[in-house]
Amino acid sequence: MVQRAIDPLTGASRDNILISREDTQRLGIADGDPIRLFSNVGSYFGRARIDQMKPGNLEVHWPEGNVLLSAAAIDPDSMEPDYNTTVTIE
């Protein structure tokens, strides 16, 4: 869990959306471009950060990315949200 303005492991800022180089090339996105993610429950505005991600996957910081998660998809034992969701990029 990172509670700083910059992640000391990745160098990513709180609003960065980590994305693979392959996905940025396919989508026409440059490093630092503003992008918005949409899920079925919300949206998140951030900036693309090219990183070592598996194509087809994204990463955002917690708790900023929680706006993309369903409040109904909660593990009944731990009460943790399901941190996996499907998003589209604009």
Side-chain angles (χ1 to χ4, degrees):
M1 183 182 312
V2 177
Q3 297 180 348
R4 299 180 183 172
I6 302 293
D7 182 338
L9 297 175
T10 66
S13 65
R14 302 298 307 181
D15 71 337
N16 281 156
I17 300 168
L18 280 62
I19 185 170
S20 73
R21 183 168 307 284
E22 294 87 350
D23 285 340
T24 60
Q25 291 170 346
R26 180 176 52 82
L27 297 167
I29 296 171
D31 195 48
D33 276 358
I35 56 176
R36 185 175 299 271
L37 305 179
F38 292 92
S39 72
N40 63 340
V41 296
S43 66
Y44 176 74
F45 177 80
R47 295 199 171 271
R49 180 180 173 94
I50 297 172
D51 211 315
Q52 294 181 355
M53 300 292 298
K54 183 176 180 180
N57 292 275
L58 301 169
E59 184 177 318
V60 297
H61 282 97
W62 175 91
E64 287 85 347
N66 283 3
V67 297
L68 299 167
L69 304 176
S70 169
I74 302 288
D75 179 80
D77 295 324
S78 67
M79 298 306 292
E80 289 184 57
D82 180 356
Y83 285 107
N84 300 292
T85 191
T86 300
V87 297
T88 55
I89 299 174
E90 180 181 274

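In this text, all values refer to a predicted model and were calculated from it rather than measured experimentally.
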Requested in this report: State the CG-CZ distance between L9 and R4, to the nearest 0.5 angstrom.
Outcome: 9.0 Å

Query raised in the report: Taking all non-hydrogen atoms of both residues, which atom of A12 and which atom of L18 are closest, and how far apart?
Result: CB-CD1, 3.8 Å

Report task. Decide side chain to side chain contact (heavy atoms under 4.5 Å, CB included) for L37 and I89; before the verdict, give the C-alpha distance in whole Å, the side-chain angles of both, and the deciding distance to 0.1 Å. Result -> CA-CA 5 Å; L37 305 179; I89 299 174; 3.6 Å; yes

Query raised in the report: Do the side chains of I6 and V60 join up, straight or via other hydrophobic residues, at under 4.5 Å, putting them in one cluster?
Result: no

Report summary line: Rounded to the nearest 0.5 angstrom, the CG-CD1 distance for N16 and I50 is 11.0 Å

**Report entry** Path from L58 to F45 over hydrophobic side-chain contacts below 4.5 Å
**Finding:** no

Query raised in the report: Can you list the residues that meet the salt bridge (Lys or Arg N to Asp or Glu O under 4.0 Å) rule with D51, with sequence neighbours excluded?
Result: none

Query raised in the report: Taking all atoms of both residues into account, what is the closest heavy-atom pair of V41 and L68, and its distance?
Result: CG2-O, 3.4 Å

Query raised in the report: What residues form a side-chain hydrogen bond (donor to acceptor under 3.5 Å, both in side chains) with T10, not counting sequence neighbours?
Result: D7

**Report entry** side chain to side chain contact (heavy atoms under 4.5 Å, CB included) between I19 and M53, worked out
**Finding:** CA-CA 6 Å; I19 185 170; M53 300 292 298; 5.6 Å; no

Report summary line: Value for CG (N66) from OG1 (T85), rounded to nearest 0.5 Å, stands at 11.0 Å

**Report entry** Side chain proximity check, R14 to P63, heavy atoms < 4.5 angstrom
**Finding:** yes

Report task. Kindly say whether G56 contributes a backbone atom to a donor-acceptor pair with the side chain of D23 at under 3.5 angstrom? Result -> yes

Query raised in the report: Do Y44 and D15 have side chains that get closer than 4.5 Å, going by heavy atoms?
Result: yes

Report summary line: For S78 and D75 the tightest heavy-atom approach is N-OD2, 2.7 Å

Requested in this report: Return the minimal non-hydrogen interatomic distance between A30 and A48, and the atom names on each side.
Outcome: O-CB, 3.8 Å

Report task. Using the side chain to side chain contact (heavy atoms under 4.5 Å, CB included) rule, take R49 and D31 through it: C-alpha gap first, then chi angles, then the decisive distance, then the call. Result -> CA-CA 5 Å; R49 180 180 173 94; D31 195 48; 4.2 Å; yes

Report summary line: On a heavy-atom basis, the closest approach of P81 and L69 is CB-CD1, 4.3 Å

Query - Minimum-distance pair of heavy atoms, taken over all atoms of K54 and S20 - result: C-CB, 4.4 Å

**Report entry** Gap separating the CD1 atom of I17 from the CD atom of E59, nearest 0.5 angstrom
**Finding:** 11.5 Å

